[in-house]
Every structure is written in structure tokens, then in C-alpha cells.
Amino acid sequence: MNSIEGYLKAYIDQIMEAADLAPRDTRRVRAELSDHLEEIVAISRRNNIPEREVMMMVEGEFGKPKELGEAIARARGRFRTYLKKRARRWPIEVAVALVLALGIKAFAMQTFRATTDTLSPVVLKGNRVLVNKLTSRLQENDVIVYRDGDYAKIGLVKDLNTSQDKVVISRNGEDEKTIDTDMITGRVVLQIR
Amino acid sequence: MNTKTQFLKGCARTLVLKVISERPMYGYEIAAVLAKRSRNIFELGQGTLYPMLYSLEKAGLIRVAREIAYPDSGRKRLYYELTPKGKEVLDEDVGTWLSVKRGMTLVLKGSHE
């Protein structure tokens, strides 16, 4: 790596360190700034501008790397960047939650996956739901999982008929139906992507 | 920041939107075209250019239209275009500018009488 390439790399490294963006953002900004700087260098070389002057030009036009990095961080949204960084940790926390959920599955909690759009947008297709099997009291607008023959199904509680141990539920694209409370596995307490 | 710089920065946003509205452009190009067409009155230091482009993107006024990657060097050229919202803001800004220009011209001209 010759001196100017080394200089540019160090310069961009300083900018990115000050910007402290989430990894994907960092890759994008770094790639974009590299392109710009390399174009400046290429044009300067064509015009036979000495390397030392090119380096001065870069700093003159781009400014101090720390300031630029901070300006970029503000522009990309520091808080959003913070959230994106947090979001990368969620999969681990979700995995832990799922392990716990599966661990006490037989007793109190069980997870199911929504394989259809039946309860969209309340429960999205592909999401997992955590069901509390020990719920005693249901309410209107609770999301429940119940057993229909061999299948576990999901439904939205519309009406309760407690005296007869029946519940009226709705599902997208179907008529409201009445099910017995003993068909109910439990109430959805959490939805996980 | 002195008043001239502040003022120019506000105008620069409108001009960046205008320049991008004509065809998708990447950072270096935007700065070069702006400097050339404004006869160097608007020389957006690249230190100002990228924070401005990123804020415009965050505000939903511009978006990346296409990218060209150069895998061996890790560079990427990102071409920006206006979004419909960006077009609206540009039109508004131009309208505001024309009023300001007219008002300023009238009053400044008047004071020389």
C-alpha cells in the first residue's frame, strides 16, 4: 500500500471511529466515502498534483475526520443507530426466552408458530407465539390457541359465554365460530418474530 | 459559523435537491456539478456534503437509486434520486426562493432611490 492509499485508509478509519455507526451503516458509509476520496486522488494524479498537496486538499475539503464522523452520526440519527445496535442483540435474548419457554412448555407455557395469515395483522404469518396454558380468565380481543381435531389453531376472542363454557372466536376469511373452552390450549402472551 | 455560511447552507440544500432532480447522481458528481454551475459560489466541502445527503435521505427526500460496487477495492458508488416528497419540498423551496428574491430585489432597489 503506497503512502497515499495508507493515508486515505487511516483518514477514513478515523471518520468511521468518530461516527460509531451500526455495522451495516458503517460498511455503506465507508464504501461511499472511499469511492469519493479515490476519485479525488485519481483526478489529482491525472493533473500531476503532488501527493503531499493531494493529502492537504483532502483534509481541506473533507475537514477534520472526527468532526465529519460526528456530523455523519448526527445525520444518520444517533438514536436510530443505537437501536439498530441493540436490535442485533435481540436474537440472543429471544433465543433465551424461547429456551425458557420450551423448558416450561409441558407445564405452563408453549410456543406455536403462526403458519398462516389467519390472524394478520394481530399475529403475523411466520411469527412465533408464546401461549400461557394456565390462563383462567379470558377477555374479548385476547388471542387464543385451541385444538381443532389434530390441529392447533389460533383465534381472536369475540365473545364469552361463560355459563355454557363456550367462546366465540373470529379468524380472517372465516365466519365467527363457537368453540368449547376445553378445546382451548391457552392465551397468547407474547409474539416473537 | 458566520451568517454568510449559514445562509449558503440553507440554499445549498435546495440546490442539491435541484441537481439530483435532473438525473441520479453520486456524491462526488453532486459536489462537482454544483460548484461548476454556481461558478464556485456553492462549493460544498465534502465535509458538509455527506452529512447533508444523509440527512436528506433520513428525511425521506432522497433515496439511493442504484449502486455500483467495486469488489476489489471495497468502494461503492451510490447514485441518489429524489423521492416524491423530495420533489414537493424542492418545488416549495424554489417558490420560497423566488419570493425572497423578488422581495429582496424590490426593497434593496428601493433603498437606493
Side-chain angles (χ1 to χ4, degrees), chain A residues 1-2 4-6 8-9 11-16 18-19 21-44 46-47 54 56-81 83-84, chain B residues 1-2 5-6 8-10 12-13 16-17 19-20 24-36 38 40-81 86:
Chain A
M1 208 191 293
N2 71 23
I4 195 139
E5 254 96 49
L8 289 184
K9 182 173 183 306
Y11 188 76
I12 295 187
D13 283 344
Q14 284 176 66
I15 297 174
M16 298 318 302
L21 302 173
R24 200 165 74 163
D25 263 358
T26 300
R27 283 195 293 273
R28 175 253 175 93
V29 170
R30 178 185 280 273
E32 196 170 10
L33 295 182
S34 299
D35 180 55
H36 194 131
L37 288 174
E38 296 209 21
E39 185 139 354
I40 291 180
V41 169
I43 291 179
S44 310
R46 279 207 292 273
N47 296 330
V54 176
M56 275 169 57
M57 242 170 66
V58 163
E59 208 145 334
E61 289 196 40
F62 266 72
K64 293 203 165 50
K66 186 165 177 286
E67 284 171 17
L68 176 53
E70 287 173 3
I72 289 177
R74 276 194 301 274
R76 305 280 309 164
R78 257 253 141 84
F79 184 64
R80 224 171 64 154
T81 296
L83 280 186
K84 278 189 201 171
Chain B
M1 215 192 295
N2 65 33
T5 314
Q6 277 273 39
L8 287 179
K9 212 168 168 187
R13 189 188 84 152
V16 166
L17 291 176
V19 148
I20 293 178
M25 282 191 198
Y26 62 98
Y28 185 93
E29 223 185 339
I30 295 169
V33 166
L34 200 54
K36 184 159 179 234
S38 71
N40 292 334
I41 294 175
F42 287 96
E43 274 182 311
L44 264 190
Q46 282 85 341
T48 326
L49 172 69
Y50 284 98
M52 182 181 291
L53 288 177
Y54 297 149
S55 322
L56 292 176
E57 192 183 9
K58 185 173 142 206
L61 302 182
I62 65 176
R63 66 177 160 226
V64 176
R66 68 175 190 273
E67 10 181 296
I68 301 182
Y70 302 83
D72 44 335
S73 60
R75 298 158 53 184
K76 243 192 212 184
R77 188 160 289 181
L78 274 64
Y79 287 79
Y80 293 95
E81 66 181 0

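Every chain is numbered from 1 and lettered A, B, ... according to where its sequence line falls, protein lines coming before strand lines.
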*Criterion side chain to side chain contact (heavy atoms under 4.5 Å, CB included) on B:Tyr28 and A:Ile43, from CA distance to verdict*: CA-CA 11 Å; B:Tyr28 185 93; A:Ile43 291 179; 3.0 Å; yes

If one checks every heavy atom of B:Glu29 against chain A at 4.5 Å, the contacting part turns out to be neither

Ranked by heavy-atom pairs below 4.5 Å to chain A, first place among B:Ser55, B:Ser73, B:Ala31 goes to B:Ser55

If one checks every heavy atom of A:Val58 against chain B at 4.5 Å, the contacting part turns out to be neither

_For B:Tyr26 and A:His36, I'd like to know if the aromatic rings sit close, meaning centre-to-centre distance below 6.0 Å._
no

**OP:** Might you work through the salt bridge (charged side-chain N to carboxylate O under 4.0 Å, His left out) test for A:Arg76 and B:Glu57, ending with a clear yes or no?
**Re:** CA-CA 8 Å; A:Arg76 305 280 309 164; B:Glu57 192 183 9; 3.2 Å; yes

Rounded to the nearest 0.5 Å, the CZ atom of A:Phe62 sits from the CG atom of B:Leu49 at a distance of 8.0 Å

Given salt bridge (charged side-chain N to carboxylate O under 4.0 Å, His left out), test A:Arg28 with B:Glu67 step by step and report yes or no.
CA-CA 10 Å; A:Arg28 175 253 175 93; B:Glu67 10 181 296; over 6 Å; no

So OH of B:Tyr54 and CD1 of A:Ile72: to nearest 0.5 Å the spacing works out to 5.5 Å

Let me see the working for B:Lys76 and A:Glu32 under salt bridge (charged side-chain N to carboxylate O under 4.0 Å, His left out), right down to the final yes or no.
-> CA-CA 5 Å; B:Lys76 243 192 212 184; A:Glu32 196 170 10; over 6 Å; no

Separation between CZ (A:Arg30) and CZ (B:Arg75), nearest 0.5 Å, reads 15.0 Å

The interface call for A:Leu33 against chain B, heavy-atom contacts under 4.5 Å, is side chain

Okay, B:Ile68 and chain A: the region with an atom under 4.5 Å from a heavy atom over there is neither

So, the part of A:Ile12 with a heavy atom under 4.5 Å from chain B: the answer is neither

